[in-house]
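Notes follow the structure.
Values in this document were obtained by computation on a predicted structure and should not be read as measured data. Quick note: residue numbers are just sequence positions, from 1.
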Amino acid sequence: MKIVFYSTNTNAFDSSTFLINVMPSNQEAFSTFIHSHPEDDFFCVSQKPAMFMPENMSVILEPDADAEAFAQKITDLQADFAIAMTFWTAPYDWLSISDALVAEKVRQKGITAICNPLEASLICFDKWRTHNELARLGFDVAAAVFCDHDLYFCAGSNKEVLHNVYKESVLTQIRGLRLPVIIKDTTGLSSYGMTVAHTYGEVAGYLNSKRNNSNRLIEEFISGRQFGLEIYGVPGAYTVLPPFEFSVNQYGITSPKQSVKYGPCDLSDDLHDMMLKLAEGLGLCGAAQVDLILDDDGQWHIIEVNPRLSGMTYTYAAACGLSVFEMMYNTVIEPEHTVIEPVEITANLKKFVMSLKLPLMSESQMKEILLLPGVRLLNQTNDLAAKQEREKGFCECIIAADEKSLLQNAVARFEELYPGDAIILQAKKIVE
């Protein structure tokens with residue numbers, strides 16, 4: 001078979017100022033993968049930054065290449081399968097929509113596309129639509145109020161409006177919510193820009209301020225432990241991976257730039273069945289990531305669904321001892337032949353796995369860190385155009401072992417290299 005891994009990027013990206021360095025490289029992982037499947041021919045088609053793709057073995061299309069251009073390139077390669085390796089970039093987390101458009105076009109050309117459905121991608125892109133879809137599917141969701149930005153401020157630009165009843169209705173509904181609440185941009189990337197408000201006055205102050213510059217979702221804050229997991233597969237054959245727990249900041253929110261992931265944790269039957277219900281309900285096809293909260297009463301809540309690869313993907317690959325390509329191939333191609341049971345990819349899952357963000361470092365320093373026992377992968381992102389030091393980036397370090405002592409030793413070494421670093425201190429508490 002001829003199989004094309006593909007991914008699009010409709011957001012601007014400057015490779016001269018935003019640097020990505022993965023060790024071992026994606027190219028090494030891809031080379032090992034294709035050598036283990038000599039019966040198939042593999043190709044990669046993407047746009048920069050082409051996350052997860054082999055650095056020098058991909059066909060990189062121009063930034064203005066549209067879905068038709070992608071479909072034509074995949075057709076020119078005479079593909080039997082086109083597998084979406086959807087990633088994310090700022091400001092809009094909508095690349096799953098772009099990849100779904102490509103999938104629809106290649107299917108018209110007679111090629112089997114493994115990609116999350118367009119409708120599911122549109123639902124998950126908008127947090128308010130996600131909230132309503134989860135409720136429709138029968139999941140417990142926190143009480144919430146939607147605030148349309150244009151209507152909330154319409155009186156300021158429309159002199160015919162004497163009294164903005166929409167604004168009044170939003171604030172009235174919010175007073176019916178239980179405090180604290182969390183305020184979210186409905187289409188923002190990850191948890192960037194989220195705010196926790198502890199009084200109704202804080203909520204009103206936020207909504208009336210310049211910080212309220214787009215549609216917002218105001219939702220009751222669910223207290224509990226925060227987790228995430230990934231789902232792979234196709235309808236009728238899903239693999240739900242065991243969850244990882246996320247550290248949180250002082251506001252009780254997981255920060256994508258500062259969190260520590262630790263696991264794998266127990267995948268209970270209840271959570272497994274819950275994720276299968278979610279996957280079937282959305283018709284997920286390929287890879288997806290789910291953010292969860294285990295509340296103080298032991299009940300699971302779905303917070304967000306990302307129909308794509310995620311910030312957990314490298315962690316799972318390292319934990320399972322597989323490349324991302326192998327994980328995708330095993331879970332979406334093999335079921336096409338059996339369509340009975342999900343494929344087992346966790347046979348060699350390590351018992352103790354941690355992902356933490358280290359300060360930016362040189363390539364030589366990365367190579368030294370990679371030699372530490374248990375360290376499986378480093379993924380550094382460096383934004384040279386960032387104006388603030390904390391916005392420049394980090395080096396994600398993934399440690400995976402069957403003995404907890406290897407994690408403890410690695411963290412102790414990081415503490416020597418970066419004394420006083422807040423994230424390393426968090427990691428130290430976790431592995432003690």
Side-chain angles (χ1 to χ4, degrees), residues 2-13 20 26 30 42-54 58-77 79-126 129-130 187-190 230-235 238 279 282-290 304-314 324-325 327-329 331-333 335-336:
K2 290 186 176 181
I3 299 169
V4 174
F5 295 103
Y6 78 93
S7 53
T8 63
N9 181 20
T10 59
N11 299 321
F13 178 79
I20 299 174
N26 293 325
F30 187 65
F42 297 95
F43 306 90
C44 297
V45 179
S46 188
Q47 287 169 308
K48 292 182 179 181
M51 290 170 61
F52 303 105
M53 293 293 196
S58 300
V59 176
I60 302 297
L61 298 188
E62 293 299 315
D64 59 353
D66 58 11
E68 186 60 45
F70 266 84
Q72 188 58 55
K73 174 56 69 174
I74 292 170
T75 302
D76 291 344
L77 292 170
D80 297 298
F81 283 87
I83 303 176
M85 296 270 285
T86 309
F87 58 94
W88 67 96
T89 57
Y92 295 116
D93 193 2
W94 61 12
L95 301 187
S96 59
I97 300 172
S98 178
D99 284 357
L101 292 173
V102 174
E104 291 197 346
K105 291 186 178 298
V106 299
R107 291 187 186 113
Q108 293 171 5
K109 298 176 183 293
I111 299 169
T112 300
I114 304 295
C115 180
N116 287 304
L118 178 59
E119 181 63 18
S121 297
L122 288 166
I123 288 170
C124 296
F125 169 60
D126 186 325
R129 287 191 66 182
T130 305
T187 58
L189 178 65
S190 191
E230 287 190 335
I231 303 171
Y232 290 80
V234 297
Y238 290 113
L282 291 174
L284 297 178
C285 184
Q289 188 268 340
V290 185
E304 187 170 307
V305 183
N306 298 301
R308 53 166 171 76
L309 297 174
S310 75
M312 300 186 71
T313 300
Y314 280 133
V324 179
F325 305 101
M327 292 176 69
M328 291 293 294
Y329 178 85
T331 54
V332 302
I333 294 296
E336 287 290 320

- prompt: Roughly how far, to the nearest 0.5 Å, is CZ of F5 from CE of M328?
  reply: 7.0 Å
message: Using a 3.5 Å distance criterion without hydrogens, assess whether the side chain of Y6 forms a donor-acceptor pair with backbone atoms of A71.
response: no
query: Do any pairs count as a ring pair (Phe, Tyr, Trp, His ring centres under 6.0 Å) and have a residue in residues 106-125, sequence neighbours left out, and if so which ones?
result: W94-F125
message: Do L309 and F87 have side chains that approach each other closer than 4.5 Å (heavy atoms only, starting at C-beta)?
response: no
message: Quick check for you: to the nearest 0.5 Å, what is the distance between T130 atom OG1 and L122 atom CG?
response: 10.5 Å
message: Quick check against the 3.5 Å criterion: does Q47 have a side-chain atom that pairs as donor or acceptor with the backbone of A65?
response: yes
message: For a 4.5 angstrom cut-off between non-hydrogen side-chain atoms, does M53 reach F30?
response: no
Just distance, no hydrogens or angles: give the donor-acceptor pairs under 3.5 Å from side chains in residues 113-120, sequence neighbours left out.
| from | atom 1 | to | atom 2 | distance (Å) |
| --- | --- | --- | --- | --- |
| N116 | OD1 | C285 | N | 2.7 |
| N116 | ND2 | A287 | O | 2.9 |
| N116 | ND2 | P307 | O | 3.1 |
| E119 | OE2 | R129 | NH2 | 2.8 |

- request: For Y329 and I3, indicate whether the former's side chain and the latter's backbone hold a donor-acceptor pair under 3.5 Å.
  value: no
- prompt: Does the separation of the ring centres of Y314 and F52 fall below 6.0 angstrom?
  reply: yes
Non-hydrogen atoms of P49 and F13 that approach each other most closely: CB-CZ, 3.3 Å
- request: Kindly say whether I60 contributes a backbone atom to a donor-acceptor pair with the side chain of S58 at under 3.5 angstrom?
  value: no
query: Looking only at atom types and distance, does a side-chain atom of N11 sit under 3.5 Å from a main-chain N or O of T89, one as donor and one as acceptor?
result: yes
query: Which residues pass the side chain to side chain donor-acceptor pair (under 3.5 Å) test with T313, sequence neighbours left out?
result: E230
message: Contact between V4 and V106 at the side-chain level, heavy atoms closer than 4.5 Å - yes or no?
response: no
statement: In terms of heavy-atom contacts, F325 and N26 come closest through CE1-O, 3.9 Å
- request: List the steps and the verdict of side-chain contact (heavy atoms from CB on, under 4.5 Å) for K2 and L77.
  value: CA-CA 8 Å; K2 290 186 176 181; L77 292 170; over 6 Å; no
message: Looking at every non-hydrogen atom in both residues, tell me the closest pair between A82 and I111 and how far apart they are.
response: N-CG2, 4.1 Å
- prompt: Excluding sequence neighbours, so at least two apart, what forms salt bridge (charged side-chain N to carboxylate O under 4.0 Å, His left out) with E68?
  reply: K105, K109
query: When rounded to the nearest 0.5 angstrom, what distance separates CG in D66 from OG1 in T8?
result: 10.5 Å
- prompt: Would you call I83 and I333 a side-chain contact if the rule is heavy atoms closer than 4.5 Å?
  reply: yes
field: Any donor-acceptor N or O pair under 3.5 Å, side chains D126, T187
entry: no
message: Assess the residue pair D93 and R308 against the criterion (salt bridge (charged side-chain N to carboxylate O under 4.0 Å, His left out)); give the C-alpha distance rounded to whole Å, side-chain angles, the decisive distance to 0.1 Å, and a yes or no.
response: CA-CA 10 Å; D93 193 2; R308 53 166 171 76; 2.8 Å; yes
- line: CG of L95 to CG of N9, rounded to nearest 0.5 Å, is 5.5 Å
Shortest non-hydrogen contact between L284 and P235, atoms and distance: O-CD, 3.4 Å
- prompt: Residues two or more places apart in sequence or in another chain: which of them pass side chain to side chain donor-acceptor pair (under 3.5 Å) with T75?
  reply: none
message: When you compare the side chain of F43 with that of V59, does any pair of heavy atoms fall below 4.5 Å?
response: no
message: Please enumerate all residues that pass side chain to side chain donor-acceptor pair (under 3.5 Å) together with S46, with sequence neighbours excluded.
response: S7
- request: Report yes if the side chains of D80 and T112 come closer than 4.5 Å at any heavy-atom pair, otherwise no.
  value: no
- prompt: Just how far is it from atom CD of Q289 to atom OG1 of T86, taken to the nearest 0.5 Å?
  reply: 13.5 Å
task: Given side-chain contact (heavy atoms from CB on, under 4.5 Å), test V102 with I74 step by step and report yes or no.
output: CA-CA 10 Å; V102 174; I74 292 170; 4.0 Å; yes
- request: Nearest 0.5 Å please: distance from the OG1 atom of T10 over to the CG atom of D99.
  value: 9.0 Å
